[in-house]
Amino acid sequence: GGKMNIVEIPAKPKEQKKLRVAAYTRVSAEMEMKLHSLKAQEDYYREYIASHPDWILSEIYSDYGISGTNKENRTGLNRLLRHCEQGRIDRVICKSISRLSRNTADTVAIIRQLKSLGITCYFEKESLDTGDMKSEFILTTLAALAQEESRTISENLRWSFDRRAPKGDLPNYEVY
């Protein structure tokens with residue numbers, strides 16, 4: 001009988017699936033539009049995600065010129081959440097909790113919704129990663145601070161308005 005050559009084929013190493021990472025950015029105030037344009041933020045996130053070899057950019061979702069107090073009119077955020085529900089995203093990164101929402105209830109609801117889908121969030125400013133969190137205490141506290149900050153801002157604006165109104169010193173205000 002002839003001798004058979006047996007060639008051993010090594011098992012393929014299991015392909016490590018890349019994490020599909022999405023970034024969410026919201027540019028609201030006039031001043032911020034000048035300082036950090038949407039394009040600059042998007043470029044930053046492209047580079048940031050590319051610098052992690054185990055990540056792949058899913059998409060950058062943005063809301064431009066919109067307040068973060070109400071999520072109803074925020075098409076970028078709503079698209080991001082819809083794509084999360086559809087299983088297209090594994091991780092979301094955001095500059096800060098207040099970028100995601102200035103409303104505590106919304107923030108906590110969004111993060112719990114993503115957590116239930118197995119999606120982690122990373123907030124850069126606070127160095128908060130929902131994947132590492134043992135408790136929601138930190139998140140709830142930070143979200144409460146963001147809401148308080150928003151309330152203070154609107155109170156200050158109202159105070160300023162109330163002070164200027166009697167003098168007729170208001171933008172686009174005509175005295176007849």
Side-chain angles (χ1 to χ4, degrees), residues 18-52 54-158:
K18 289 191 174 199
L19 218 53
R20 297 163 302 169
V21 180
Y24 175 71
T25 176
R26 178 174 60 80
V27 180
S28 54
E30 192 90 14
M31 190 62 186
E32 219 175 340
M33 287 182 190
K34 289 176 190 136
L35 292 176
H36 311 281
S37 76
L38 203 54
K39 183 172 176 349
Q41 286 194 38
E42 289 178 354
D43 290 346
Y44 166 76
Y45 281 119
R46 272 178 228 294
E47 285 172 33
Y48 182 79
I49 292 169
S51 74
H52 292 77
D54 52 338
W55 289 6
I56 187 163
L57 174 63
S58 171
E59 194 176 326
I60 297 169
Y61 299 83
S62 330
D63 283 309
Y64 193 67
I66 288 170
S67 144
T69 1
N70 185 338
K71 73 173 193 170
E72 298 312 305
N73 56 356
R74 293 167 64 193
T75 50
L77 177 64
N78 292 327
R79 251 180 78 244
L80 166 69
L81 297 175
R82 195 167 58 248
H83 292 174
C84 286
E85 290 277 359
Q86 293 166 356
R88 301 194 205 177
I89 296 162
D90 303 308
R91 184 165 173 78
V92 175
I93 55 176
C94 195
K95 187 169 140 195
S96 76
I97 286 182
S98 66
R99 293 291 95 190
L100 187 63
S101 177
R102 288 210 179 270
N103 175 307
T104 312
D106 275 356
T107 305
V108 175
I110 290 167
I111 287 164
R112 284 189 179 139
Q113 177 191 0
L114 296 180
K115 244 178 151 177
S116 75
L117 297 167
I119 300 166
T120 59
C121 293
Y122 177 66
F123 300 97
E124 294 179 275
K125 187 178 159 201
E126 296 86 357
S127 298
L128 183 70
D129 189 335
T130 62
D132 297 342
M133 253 173 33
K134 302 283 179 279
S135 113
E136 285 192 348
F137 177 73
I138 298 167
L139 168 71
T140 310
T141 305
L142 289 169
L145 291 172
Q147 186 176 24
E148 178 60 23
E149 180 185 35
S150 180
R151 194 180 61 79
T152 305
I153 290 166
S154 69
E155 273 179 9
N156 290 346
L157 289 172
R158 199 173 305 116

Practice prompt. Report the residues that fulfil ring-ring contact (aromatic ring centres under 6.0 Å, His included) with Y61, sequence neighbours left out, ordered by chain and then residue number.
Written response: H83
Worksheet item: Between Y48 and Y45, what is the ring plane arrangement, given parallel below 30°, perpendicular above 60°, and tilted in between?
Response: perpendicular
Is the shortest side-chain heavy-atom distance between [X] and [Y] below 4.5 Å?
{"X": "I97", "Y": "I111", "answer": "no"}
{"X": "L100", "Y": "V92", "answer": "no"}
{"X": "F123", "Y": "S96", "answer": "no"}
{"X": "K95", "Y": "Y44", "answer": "no"}
{"X": "T120", "Y": "L114", "answer": "no"}
{"X": "L80", "Y": "I89", "answer": "yes"}

Got a second to check how far [X]'s [atom1] is from [Y]'s [atom2], nearest 0.5 Å?
{"X": "I56", "Y": "L19", "atom1": "CD1", "atom2": "CG", "result": "10.5 Å"}
{"X": "I49", "Y": "K18", "atom1": "CD1", "atom2": "NZ", "result": "12.0 Å"}
{"X": "L77", "Y": "R82", "atom1": "CG", "atom2": "CZ", "result": "11.0 Å"}
{"X": "I60", "Y": "R46", "atom1": "CD1", "atom2": "CZ", "result": "4.0 Å"}

Worksheet item: Any idea which heavy atoms bring D129 and R91 closest together, and the distance?
Response: OD2-NH2, 2.8 Å
Worksheet item: Between Q41 and S62, does any side-chain donor sit less than 3.5 Å from a side-chain acceptor?
Response: no
Give a yes or no answer on whether the side chain of [X] reaches the backbone of [Y] with a donor-acceptor pair at less than 3.5 Å.
{"X": "D63", "Y": "R26", "result": "no"}
{"X": "R99", "Y": "T25", "result": "no"}
{"X": "R88", "Y": "R20", "result": "no"}

Worksheet item: Can you name the residues that form a salt bridge (Lys or Arg N to Asp or Glu O under 4.0 Å) with R79, not counting sequence neighbours?
Response: E59
Discussion item. Quick one, I93 with E124, criterion side chain to side chain contact (heavy atoms under 4.5 Å, CB included). Give me CA distance, side-chain angles, the key distance, then yes/no.
Written reply: CA-CA 8 Å; I93 55 176; E124 294 179 275; 5.7 Å; no
